[in-house]
Amino acid sequence: MNKVYLDYNASTPLAPEVLDVMNPLLTGYYGNPSAHHWAGHPVKEKLVIARKQVACLLSCLPEEVIFTSGGSEANNLALKGYYFKHQYKGKHIITSKIEHPAIVEPLKFLERLGAEITMVDVDAYGMVSPEAIEDAIREDTILITIMHSNNEVGTLQPIDEIGEIARRHRIAFHTDASQSAGKVPIDVNHLNVDMLTIAGHKLYAPKGIGALYIRKGLELEPLIHGAGHEFGLRAGTENTMLAAGLGKACELAQEQAWDRKLADLTNYFWVQLQEAFGDEVVLNGHEEKRLPNTLNVSFVNRVGQDILSAIPQLAASTGSACHSGIVELSPVLREMKVPEYVGMGAVRFSLGRYTAKEELDQVISWLKETF
């Protein structure tokens with residue numbers, strides 16, 4: 001049975017070049033990177049190189065990159081760390097209604113500690129309006145956090161415009177770019193952000209590693225206290241092997257990112273779906289302002305999970321959940337006001353570096369067999 005993987009937004013395989021960089025660190029580099037002797041120095045150097053590689057992808061300074069255990073920890077450090085350090089200035093935070101749980105849940109936690117959260121609406125494409133963000137600003141607003149791109153429908157947010165608004169009002173601005181890094185250009189200066197999150201397993205690096213960009217001069221309270229690792233912001237001996245893997249993945253992304261081939265494959269797949277199913281398939285999200293690898297479509301009057309269950313050899317994800325025969329739309333599609341008869345048939349296909357055109361043709365064939 002041939003298997004096809006179209007769930008790259010959930011997780012990516014390790015790039016062979018990343019594995020090559022990590023393998024020597026399993027055996028030959030066992031010193032502590034903080035140790036000032038012959039065993040620690042080469043490990044420290046690997047960490048320095050990795051930090052420079054991540055910084056190069058983000059167009060920031062190496063000392064502005066903090067290694068974390070992944071995107072969730074980076075988001076937690078950004079939100080909680082900033083709130084704990086600056087709550088004396090105000091307790092109001094602005095976000096959107098379609099954020100990832102790694103943003104929503106930390107904000108719910110901060111709410112229990114006294115924070116006040118405003119969640120702005122999105123339009124039918126899943127896009128946040130900069131004007132809505134500015135309208136939500138209060139005198140006690142201290143932080144804005146808006147995802148760079150939506151993980152379900154791929155819509156790219158107007159981060160640079162929101163960043164200009166935040167800067168004008170002297171409010172800290174964070175964006176979760178876990179889904180964007182390596183797929184579209186990321187320049188923290190162009191985006192006008194103060195903090196930015198990336199996750200390794202979204203760009204062909206290992207799971208369990210991520211990074212948070214923190215603009216120089218911005219103060220956060222650490223979540224993990226101890227010795228002064230990661231410029232005093234994350235205690236604990238660094239996992240040099242995983243950091244080296246993330247660094248190499250960022251280097252590869254900078255060399256190969258934004259390849260038209262991936263966007264062309266995604267567009268080809270969408271055309272094939274339209275030719276095969278006509279009005280029975282619709283696109284969720286923005287037709288142009290979205291990630292080049294992401295295609296979230298709805299099969300009208302069908303249930304997405306039923307379709308995927310009928311094709312066990314296909315790895316993709318659905319935008320709805322079925323409990324006891326009742327279909328529940330994802331919060332993202334619900335906030336986009338997608339009708340239930342459309343949203344319940346949502347399937348997210350996310351392509352990647354190793355996707356082949358023949359695989360997409362095979363998926364079209366499988367889908368036809370389910371109708």
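No experiment lies behind these values; they were computed from the predicted model shown.
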Will you find, in the side chains of [X] and [Y], an N or O donor that is under 3.5 Å from an N or O acceptor?
X: Thr266; Y: Asn293; result: no
X: His169; Y: Glu134; result: yes
X: Glu131; Y: Ser129; result: yes
X: Glu152; Y: Ser330; result: yes

[atom1]/[X]: more than 12 non-hydrogen atoms of other groups inside 6.0 Å:
X: Lys108; atom1: NZ; value: no
X: His36; atom1: NE2; value: no
X: Phe277; atom1: CZ; value: yes
X: Phe231; atom1: CZ; value: yes
X: Glu287; atom1: CD; value: no

Query raised in the report: What is the ring orientation for Tyr354 with Tyr8, classed by angle as parallel under 30°, tilted 30 to 60°, or perpendicular over 60°?
Result: tilted
Closer than 4.0 angstrom, basic N to acidic O: yes or no for [X] and [Y]?
X: Arg138; Y: Glu116; result: yes
X: Lys248; Y: Glu251; result: yes
X: Arg348; Y: Asp7; result: yes
X: Asp306; Y: Arg302; result: no
X: Asp121; Y: Lys97; result: yes

Which atom pair, heavy atoms only, marks the closest approach of [X] to [Y]?
X: Met336; Y: Tyr125; result: CE-C, 3.8 Å
X: Pro130; Y: Glu161; result: CG-OE1, 3.6 Å
X: Leu333; Y: Gly343; result: CD1-O, 3.9 Å
X: Leu367; Y: Ile307; result: CD2-CG2, 3.6 Å

Requested in this report: Treating Ile, Leu, Val, Met, Phe, Trp and Tyr as nodes and any side-chain heavy-atom pair under 4.5 angstrom as an edge, say whether Leu143 and Leu110 lie in one connected cluster.
Outcome: yes
Query raised in the report: Transitively linked via ILVMFWY side-chain contacts under 4.5 Å: Leu79 with Val188?
Result: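 Cluster IDs for Leu79 and Val188 differ.
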Report task. Would you check, one step at a time, whether the test side chain to side chain donor-acceptor pair (under 3.5 Å) holds for Ser180 with Ser149? Result -> CA-CA 6 Å; Ser180 307; Ser149 61; 2.7 Å; yes
Query raised in the report: Roughly how far apart are Ile214 CD1 and Leu233 CG, rounded to 0.5 Å?
Result: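 So the gap between those two atoms works out to 5.0 Å.
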Requested in this report: Quick one: pull up CG in Asn76 and OG1 in Thr68 and give me the separation to the nearest 0.5 Å.
Outcome: 10.0 Å
Query raised in the report: Can you check whether Phe371 and Phe299 have ring centres sitting under 6.0 Å from each other?
Result: yes
Could you tabulate the donor-acceptor pairs under 3.5 Å formed by side-chain atoms of residues 43-52, not counting sequence neighbours?
{"residue": "Arg51", "atom": "NH1", "partner": "Val65", "partner atom": "O", "Å": "2.7"}
{"residue": "Arg51", "atom": "NH1", "partner": "Glu230", "partner atom": "OE1", "Å": "2.8"}
{"residue": "Arg51", "atom": "NH2", "partner": "Glu230", "partner atom": "OE2", "Å": "2.8"}

Report task. Using side chain to side chain donor-acceptor pair (under 3.5 Å) as the criterion, point out the one residue from Thr318, Asn284, Thr155 that pairs with Asn296. Result ->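 Output: one option passes, namely Asn284.
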Keeping the roles fixed (side chain from [X], backbone from [Y]), state whether a donor-acceptor pair exists under 3.5 Å.
X: Arg334; Y: Val338; result: no
X: Gln254; Y: Cys250; result: no
X: Ser309; Y: Gln305; result: yes
X: Thr175; Y: Ala177; result: no

Query raised in the report: Are the side chains of Ile159 and Asn192 in touch, meaning some heavy atoms are under 4.5 Å apart?
Result: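 Sidechains of Asn192 and Ile159: no contact.
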Query raised in the report: What do the steps show when you test Arg167 against Glu164 for salt bridge (Lys or Arg N to Asp or Glu O under 4.0 Å), and what is the final call?
Result: CA-CA 5 Å; Arg167 187 159 293 180; Glu164 287 180 3; over 6 Å; no
Query raised in the report: Got a sec, which pairs hit ring pair (Phe, Tyr, Trp, His ring centres under 6.0 Å) with one end in residues 60-90, sequence neighbours left out?
Result: Tyr82-His86
Contacts under 3.5 angstrom, residues 195-211 side chains, donor-acceptor by atom type, not counting sequence neighbours:
{"residue": "Thr197", "atom": "OG1", "partner": "Asn75", "partner atom": "OD1", "Å": "2.7"}
{"residue": "Thr197", "atom": "OG1", "partner": "His174", "partner atom": "NE2", "Å": "3.0"}
{"residue": "His201", "atom": "ND1", "partner": "Ala10", "partner atom": "O", "Å": "3.4"}
{"residue": "His201", "atom": "ND1", "partner": "Ser11", "partner atom": "OG", "Å": "3.1"}
{"residue": "Lys202", "atom": "NZ", "partner": "Asn9", "partner atom": "O", "Å": "2.7"}
{"residue": "Lys202", "atom": "NZ", "partner": "Ala10", "partner atom": "O", "Å": "3.1"}
{"residue": "Tyr204", "atom": "OH", "partner": "Arg353", "partner atom": "N", "Å": "2.7"}
{"residue": "Lys207", "atom": "NZ", "partner": "Ser11", "partner atom": "OG", "Å": "3.2"}

